[in-house]
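The next block holds one structure in the form of structure tokens; read it before the comments.
These numbers come from a predicted model, not from an experiment. Order of the sequence lines fixes the chain letters, A, B, ..., with proteins taken first and strands second; residue numbering starts at 1 for each chain.
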Number of protein chains: 2
Amino acid sequence: MTAHGTPTTDAPHPGPVDADEPWMRGLHADTGYLLYRLGLRSGQLFNAALQESGLRLRHYALLRYLATVEGAPQRDLSERLGYDPSAIVGLVDDLERLHLVERRPAPTDRRRRIVVLAEAGRTYLRDTDEASHRVTDELTGPLSEEERDTLHALLLRVAQTDRG
Amino acid sequence: MTAHGTPTTDAPHPGPVDADEPWMRGLHADTGYLLYRLGLRSGQLFNAALQESGLRLRHYALLRYLATVEGAPQRDLSERLGYDPSAIVGLVDDLERLHLVERRPAPTDRRRRIVVLAEAGRTYLRDTDEASHRVTDELTGPLSEEERDTLHALLLRVAQTDRG
DNA sequence: ACCAATCGTTGTTGACGTCAATGGTTGTCT
DNA sequence: AGACAACCATTGACGTCAACAACGATTGGT
């Protein structure tokens, strides 16, 4: 296959190659890629923490949003959480099966089904609140308290201007 | 829409409910969830920018890592990039099909196959470098230059101690 | 010469996002 | 009133993606 006439070493050159070139840089030089990778890890940690309760991060996000609104049609959930309407169906199905939320018909519009947080849902949020904090602490472990606030504020601004 | 003052309102209560409770808070109060959501958006933007070249963010990350190492066995790629070894196979297959990388047998170990960046791969990195910068700019749009540096530094520390 | 460990590979499973299409319902326009 | 477009929740299909088990080939240790 390959003529190995050159004195190639087994291990690849560990040192930098053409590091002078600006386009020759490591992955960590990109803020976007860092966000992508940390987002993956954050999701993994969240799902692992919520695994014992049988739910996933998406369910948790839906519950948390419901806690701030006290009832919303599924269309609103889709827009606010950024999930496809078809995805909301399955999520609410799961949560309703566990009696954490309840589907109620909207009085004025029989097409809509308003999802409200049940009492068990409030209890669930109260119980998993500490686990949620643990995940954030583990993620931002090497940062000081002040740095965490700074990071949170920056992320918040990026996220908010994201949706107009 | 229809917000009468009647006890049974169609629309859910728009105001805060039990906002006094600490576990009753919005999604954006969680740094972990913010990271998760921004990570998703970052990945979408990256993939959209790379779509015209037929590659995805994973391929791009692999190429960029190869640029800093000049050749690595697939096992190293798996560990460094955080992807499963089985995922590396498909990625290298795609890149090799486009002649961006090359699989070379390791002289001392016939199990290993060292993946090296081909000349076309370097050209590809040079050409897509600007697109990568555009994505980061779009993501961190609302932030000032100094704030972007702060965010990048914070994310870098979180990411680095992650695999320490 | 055995045996455990390693490397790349294949296959499978489940979660996930996206889009098209449907049944039921509402509002509008004439 | 009736016709018609728009809306809502739901279902289904398709492709992407991560995580895991299992395998053949190879290596190193004893």
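- For the pair A:D109 CG and D:dA9 P, the interatomic distance rounds to 8 Å; values are reported in whole Å.
- Nearest to the side-chain atoms of A:R75 among the listed nucleotides D:dC8, C:dG11, C:dT18 stands D:dC8.
- Side-chain atoms of B:R111 lie closest to D:dT27 of the nucleotides C:dT9, D:dT27, D:dA9.
- At distances below 3.5 Å, not a single donor-acceptor pair connects side-chain atoms of B:Q74 with backbone N or O atoms of B:I88.
- No salt bridge links B:R56 with B:D94; every basic N to acidic carboxylate O contact stays at or beyond 4.0 Å.
- Atom P of nucleotide C:dT6 and atom CD of B:E79 are separated by 11 Å, given to the nearest angstrom.
- The side chain of B:R103 places an N or O atom within less than 4.0 Å of a non-bridging phosphate oxygen (OP1 or OP2) of C:dT9.
- The nucleotide whose nearest atom lies closest to any side-chain atom of B:Q74 is, among C:dT18, D:dC20, C:dT9, C:dT9.
- Atom CD1 in A:I88 sits roughly 19 Å away from atom P in D:dC7 (whole-Å rounding).
- The shortest side-chain heavy-atom distance between B:L66 and B:L95 does not fall under the 4.5 Å cut-off.
- The interatomic distance linking B:Q44 (CD) with D:dC17 (P) rounds to 12 Å, in whole Å.
- Distance, B:L81 CG to D:dC17 P: 14 Å, rounded to whole Å.
- Between B:D93 atom CG and C:dT9 atom P the separation is 7 Å, expressed in whole Å.
- When distances run from any side-chain atom of A:D84 to the nucleotides D:dA9, C:dT9, C:dC19, the shortest one goes to C:dC19.
- Two residues, A:R113 and A:Y36, neighbour DNA chain D, and the one matched to the more 5' nucleotide by heavy-atom proximity is A:R113.
- Closest to the A:V89 side chain, of the nucleotides D:dA19, D:dA9, C:dT10, is D:dA9.
- In terms of phosphate contacts, A:R110 brings no side-chain nitrogen or oxygen within less than 4.0 Å of OP1 or OP2 of C:dG24.
- Phosphate proximity of D:dC7 to A:R112: absent, as no side-chain N or O sits under 4.0 Å from OP1 or OP2.
- Open room surrounds CD on B:E138; 12 or fewer heavy atoms of other groups in view lie less than 6.0 Å from it.
- Atom CG in A:N47 sits about 18 Å away from atom P in D:dC17, given to the nearest Å.
- Applying the side chain to side chain contact (heavy atoms under 4.5 Å, CB included) test between A:R112 and each of A:P107, A:P105, A:P73 identifies A:P73 as the sole match.
- The nucleotide whose nearest atom lies closest to any side-chain atom of A:R56 is, among C:dG8, D:dC20, C:dC16, C:dC16.
- Each of B:V92 and A:Y83 lies near DNA chain C, and the nucleotide nearest B:V92 is the one positioned closer to the 5' end.
- At whole-Å resolution of the value, CG in A:D94 and P in C:dC16 are 10 Å apart.
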